[in-house]
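Scroll down for the structure; my scribbles are underneath it.
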Protein chains: 2
Amino acid sequence: MTQDVKEIFGSPVGSLAAKVRTLAPSMTRSMQRVAEAVANDPAGCAALTVTGLAELTGTSEATVVRTARLLGYPGYRDLRLALAGLAAQQQSGRAPAITTDIAVDDSLDDVVAKLAYEEQQTLADTAAGLDTGQLGAAVTALVAARRTDVYGVGASGLVAQDLTQKLLRIGLIAHAHSDPHLAVTNAVQLRSGDVAIAITHSGTTGDVIEPLRVAFERGATTVAVTGRPDAPVTQYADLVLTTSTSRETELRPAAMSSRTSQLLVVDCLFVGVAQRTYETAAPALAASYEALAHRHRSASR
Amino acid sequence: MTQDVKEIFGSPVGSLAAKVRTLAPSMTRSMQRVAEAVANDPAGCAALTVTGLAELTGTSEATVVRTARLLGYPGYRDLRLALAGLAAQQQSGRAPAITTDIAVDDSLDDVVAKLAYEEQQTLADTAAGLDTGQLGAAVTALVAARRTDVYGVGASGLVAQDLTQKLLRIGLIAHAHSDPHLAVTNAVQLRSGDVAIAITHSGTTGDVIEPLRVAFERGATTVAVTGRPDAPVTQYADLVLTTSTSRETELRPAAMSSRTSQLLVVDCLFVGVAQRTYETAAPALAASYEALAHRHRSASR
DNA sequence: GTCACACGTGAAAGATATTTTCGGTTCGGT
DNA sequence: ACCGAACCGAAAATATCTTTCACGTGTGAC
């Protein structure tokens, strides 16, 4: 049977090269060749069978097995598993060395990796910078609101729609407005106890500030979701939820990272509200799921 | 011969759990048991032979091999190697071990942390599972397309809009359709050389499949962005971009993580296209930025 | 309700990889 | 040169992995 995996990985795997050096003197010439190959290219050797490694080193299977034994493994099979582990560690070790700027000549693999990395970074930043006090206050206001209006244009408009879609699904009355005129005319209808949320990365988007100002003056609880906590929009905001502002590059416009950040904030709002209204939210979510079922074709299996 | 080691470790090993989730629906009961065992205890399974794992899961060797194949390895031997690598990685980088499930009585701090963590996880999984070959082909098709239609309803509709917004900004002709009827009537206009993209997490949304089918039959290049690579929608897709499928909980509907995943894919498409058309894309981006400037109020400081 | 069919499944045969055995070879000492 | 011991690899033996195939089960059509 195979050696217990704890023993394989329990002893520092990085010590393999060291072990080779220590034991080299007590090895025969052929075995040294095998050990050397293993120490130099663990990943490559992990891909080889006994026969393969024997051929590569110009030796025989028997020698390979003998070497594996000398290195402390029950057989070649286990040495190979350890090598695979070592290779994986080496890989992960040099992972974080990404230049995050996306260049024109980057391969698609790089693009995917860098984008994913950047967005992860954005999420971490946002989570770290989010004021849960403000967030809690916003949730409280939403739960109590008669109705909620959400303003956002451009990319932020989609975030606004995302939020309203979700709030509607748990029984709240929410509307998203991308049209500045309609937004203002609707804002006029708001009154104390209602909630208005403005989503703008720059915090300077007039089309969004204007309706928020109106809502503010009508006495509604106003919330600004912005990357600039000192921007004009916050003048009319009772509560400010700060999104993260990450460096933008030529190929990665600000809209991309701000969207990620805004969505996280919006998700937090949603989950916060869902928690507080669990009694009604849970069945509502289940019901909306059910209602959609018939619009899906049966899966292939 | 054994699979090239670069392929085993080239893609982040952490993707295994994600792959299991993605493929689980298309698995048979026995295979699911095996996949589950592997996902839950990679280290333990790495120590087992086919027979051992078959006994542990109460199945047969054949089933174990079949599962390994489904997960993308040539056979059990290679899966085992990958598991050893995974185990080693887990050892070195201590597992975050957060209970990611969001409970009703979690504090807002917990909610923020868990949501951010889950979304980060989703991004990593998506990046790991994305086929850059398919992605590249999709980019090529987009660059050459006379026009591009994007279909998506519900939450995916917002992603569709996000994509078209961005493509428009770099001079491509793209439309998003959330209305199934309009989508179909527009799809009829497509012809060879055009591109149609369907975005659906489940891959079974009839409202989105139908226009894609029409586009497919008209000879357009069709792309499916879905979490289920074996779903009905892929029947009519020349190219499939797989989004990640993460566990959904009561307070965190699937729509939330699929949206994150879909957005990453869409961003990758966008950046890929922007790279290829850099000469025109860069000035176009700058110009659209300029055009919006006058809609922003000057910052307070 | 019953039949036919397709699918999932595991037992066992077949193929491959690993380990062991064993005899030939080399090299140092006498 | 001869002897012996250690080294080495070919090939047999074993373990492991893969494939095949037939059986059971459930499902849809009639």
Side-chain angles (χ1 to χ4, degrees), chain A residues 1-5 8 20 23-38 42 44-85 297-301, chain B residues 1-5 8 20 23-38 42 44-85 230-232:
Chain A
M1 177 37 68
T2 302
Q3 188 184 24
D4 188 340
V5 89
I8 299 179
V20 168
L23 276 75
S26 67
M27 285 183 185
T28 66
R29 257 190 316 285
S30 307
M31 286 167 80
Q32 280 179 6
R33 280 217 298 286
V34 176
E36 200 181 332
V38 162
C45 292
L48 295 170
T49 67
V50 229
T51 316
L53 186 52
E55 274 179 20
L56 179 75
T57 57
T59 63
S60 67
E61 289 99 322
T63 303
V64 172
V65 173
R66 276 192 281 265
T67 310
R69 292 265 162 75
L70 199 69
L71 291 173
Y73 301 95
Y76 175 69
R77 201 189 309 278
D78 297 84
L79 168 61
R80 195 175 164 187
L81 282 174
L83 286 174
R297 298 186 182 171
S298 63
S300 57
R301 104 173 325 284
Chain B
M1 173 39 70
T2 302
Q3 189 183 25
D4 188 340
V5 89
I8 299 178
V20 168
L23 269 42
S26 66
M27 284 184 187
T28 65
R29 261 189 312 286
S30 313
M31 286 167 81
Q32 280 179 5
R33 280 216 302 283
V34 176
E36 200 181 331
V38 161
C45 293
L48 294 170
T49 66
V50 230
T51 316
L53 185 52
E55 276 179 20
L56 179 75
T57 57
T59 63
S60 66
E61 290 97 325
T63 302
V64 172
V65 172
R66 276 191 282 263
T67 309
R69 291 264 161 76
L70 200 70
L71 291 174
Y73 303 93
Y76 176 69
R77 202 187 310 277
D78 297 83
L79 168 62
R80 196 176 163 187
L81 241 45
L83 285 175
D230 61 341

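Computed from a prediction, not measured in an experiment: that's the story for all the values here. So that the names make sense, note that chain A is the first sequence line, chain B the second, and so on, each numbered from 1.
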From CZ of B:Arg77 across to C1' of C:dA17 the rounded distance in Å is 5 Å
N/O (side chain, B:Ser60) to phosphate O (OP1/OP2, C:dG10) under 4.0 Å
yes
Can you find a side chain N or O atom of B:Thr51 that sits less than 4.0 Å from OP1 or OP2 on D:dT16?
no
Between D:dT18 atom C1' and B:Leu79 atom CG, what is the distance in whole Å?
14 Å
Can you name the closest pair of heavy atoms from B:Tyr76 and B:Val50 and give their distance?
CE2-N, 3.4 Å
Value in whole Å for how far the P atom of C:dG8 lies from CD of B:Gln32
11 Å
Measure from the side chain of A:Thr28, starting at C-beta and using heavy atoms only, and say which of D:dC8, D:dG9, C:dA17 lies closest.
D:dC8
Let me know the distance between CE of A:Met31 and C1' of D:dG9, rounded to the nearest Å.
14 Å
Result for 5'-nearest mapping on DNA chain C, choosing between A:Ala62 and B:Glu61, is B:Glu61
Taking atom C1' of C:dA17 as reference, at what distance in whole Å does atom CG of B:Asp78 sit?
12 Å
From C-beta outward on B:Thr59, which listed nucleotide comes closest to its side chain: C:dG10, D:dC17, C:dA17?
C:dG10
Please report, rounded to the nearest Å, how far the C1' atom of D:dC17 is from the CD atom of B:Glu55.
15 Å
Using modelled atom types and a 3.5 Å cut-off, is there a donor and acceptor pairing between side-chain atoms of A:Arg33 and backbone atoms of A:Thr59?
no
Looking at A:Arg69, I'd like to know whether one of its side-chain N or O atoms comes within less than 4.0 Å of OP1 or OP2 on C:dT20.
yes
Nearest-Å distance for atom pair CZ/P, residues B:Arg33 and C:dG10
7 Å
Quick one: is C:dG10 close enough that its OP1 or OP2 comes under 4.0 Å of any side-chain N or O from B:Thr63?
yes
Given D:dC8, is OP1 or OP2 found less than 4.0 Å from the side-chain N or O atoms of A:Ser30?
yes
Just how far, in rounded Å, is P of D:dT18 from CG of B:Leu53?
12 Å
Looking only at heavy atoms, the pair that brings B:Cys45 and B:Ala37 closest together is SG-O, 3.5 Å
Classify the side chain of B:Arg66 versus the base of C:dG8 as yes if they form a donor-acceptor pair under 3.5 Å and no if they do not.
no
Side chain proximity check, B:Met27 to B:Leu71, heavy atoms < 4.5 angstrom
yes
Name the residue from B:Thr57, B:Leu56, B:Val20 that meets the side-chain contact (heavy atoms from CB on, under 4.5 Å) definition with B:Val34.
B:Thr57
From the options D:dC8, D:dC17, C:dA17, select the nucleotide whose nearest atom is closest to the side chain of A:Arg29.
D:dC8
Looking for any heavy atom pair under 4.0 Å, which part of the strands does A:Gly58 touch: base, sugar-phosphate only, or nothing?
sugar-phosphate
